[in-house]
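Taking it in order: structure first as structure tokens, then the write-up.
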Amino acid sequence: MEKTLVILKPSTIQRGLVGQVLDRFQRKGLKIAGLKMMQLDEKILREHYAHLVDRPFFPTLLASMMATPVIVICLEGKDAVEVVRAMTGVTNSRKAAPGTIRGDFGMSGQENIVHASDSVENGMIEVKRFFADNEIFTYSLLAEPATYGPDELN
Ligand code: UDP
Ligand code: MG
């Protein structure tokens, strides 16, 4: 099944929201295929945010993402990338719809709780960027037959 990368950002750790955010993904029915805490550095962030390196806010974004360790999560499920982006909400938390993670937990464009992969292709690239092969686990969730119809399990 499809995989996507989520990062619980330093501000989420500082604000004590790790459990509540993770709980949303589990309640939705997404499977945790990988999860770990790590300290990000400039090298990995320049790669991860390559589309933003020339933007004026990039130095602030770098500092913010390195302020504490982060929690990186690989979530798995049918259409996981699209599902998780919808759960995340738009980039600016003040504009994100109530009911989304950013809409419910954030007030900032920068300190917006989570990163979530924005395409299936980037999901695969980003999971590989943050996890070694042996940190991604393949297992069956007992709840799966109750989570999906038989034709959705592939
Ligand atoms: N960001 C920011 N100001 C902006 C745009 C982005 O501080 O005007 C930060 C914000 O933390 C965002 C991250 O850079 O989550 C990556 O930006 P992107 O456009 O990829 O947004 P996302 O995919 O996270 O919604
Ligand atoms: Mg993005």
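Nothing here was measured: the structure is a model prediction, and the numbers come from that model. In listed order, ligands and their atoms are each counted from 1.
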request  = Show your working on side chain to side chain contact (heavy atoms under 4.5 Å, CB included) between E135 and K36 and close with a plain yes or no.
outcome  = CA-CA 9 Å; E135 293 174 325; K36 66 178 176 179; 2.8 Å; yes
inquiry  = What verdict does the side chain to side chain contact (heavy atoms under 4.5 Å, CB included) test give for T88 and T100, after you've listed the backbone C-alpha separation in whole Å, the side-chain angles of each residue and the deciding distance to 0.1 Å?
reply    = CA-CA 5 Å; T88 296; T100 64; over 6 Å; no
message = Please identify which of these residues, E144, M1, Q26, meets the side chain to side chain contact (heavy atoms under 4.5 Å, CB included) condition with K31.
response = E144
Ligand 1 contact on L52 by region, counting heavy-atom pairs under 4.0 Å =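 Under 4.0 Å from ligand 1, L52 contributes side-chain atoms alone.
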ask   = Relative to ligand 1, is E111 under 4.0 angstrom through side chain, backbone, both or neither, heavy atoms considered?
value =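 No part of E111 is near ligand 1 at this cut-off.
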query = Do T91 and ligand 1 have an N or O pair less than 3.5 Å apart?
reply = yes
key: Donor-acceptor pair, side chain of D133 and main chain of I136, under 3.5 angstrom   =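 Checked: no pair found.
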ask   = Side-chain donor-acceptor pair under 3.5 Å between Q110 and T60, yes or no?
value =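 Side-chain D/A pair, Q110 to T60: absent.
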Between the candidates [options], which shows the shortest non-hydrogen contact distance to [atom]?
atom                    : options        : result
atom 7 (O) of ligand 1  : Q110, R55, M65 : Q110
atom 1 (N) of ligand 1  : F57, F58, Y49  : F57
atom 23 (O) of ligand 1 : R85, K9, R102  : R85

request  = Say whether L61 and ligand 1 are in contact under the criterion: heavy-atom distance to a ligand atom below 4.0 Å.
outcome  =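 Yes; L61 lies near enough to ligand 1 that a heavy-atom distance drops under 4.0 Å.
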task = With heavy atoms of G109 as the reference, note each atom of ligand 1 found under 4.0 Å away.
result =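 Near G109, meaning under 4.0 Å from one of its heavy atoms, ligand 1 has 10 (C), 11 (O).
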message = Need the ligand 1 atom indices (1-based, order shown) with element for anything under 4.0 Å from a heavy-atom of N112.
response =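 Atoms satisfying the 4.0 Å criterion: 10 (C), 11 (O), 12 (C), 15 (O).
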query = Checking side chain to side chain contact (heavy atoms under 4.5 Å, CB included) for the pair V114/K9: CA distance, chi angles, key distance, verdict?
reply = CA-CA 6 Å; V114 290; K9 297 186 175 188; 5.7 Å; no
Lys/Arg N to Asp/Glu carboxylate O, K78 vs E2, below 4.0 Å = no
query = Of all the non-hydrogen atoms in the protein, which one sits nearest to atom 20 (O) of ligand 1, and at what distance?
reply =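 So the nearest neighbour among protein heavy atoms is H51 NE2, 2.9 Å.
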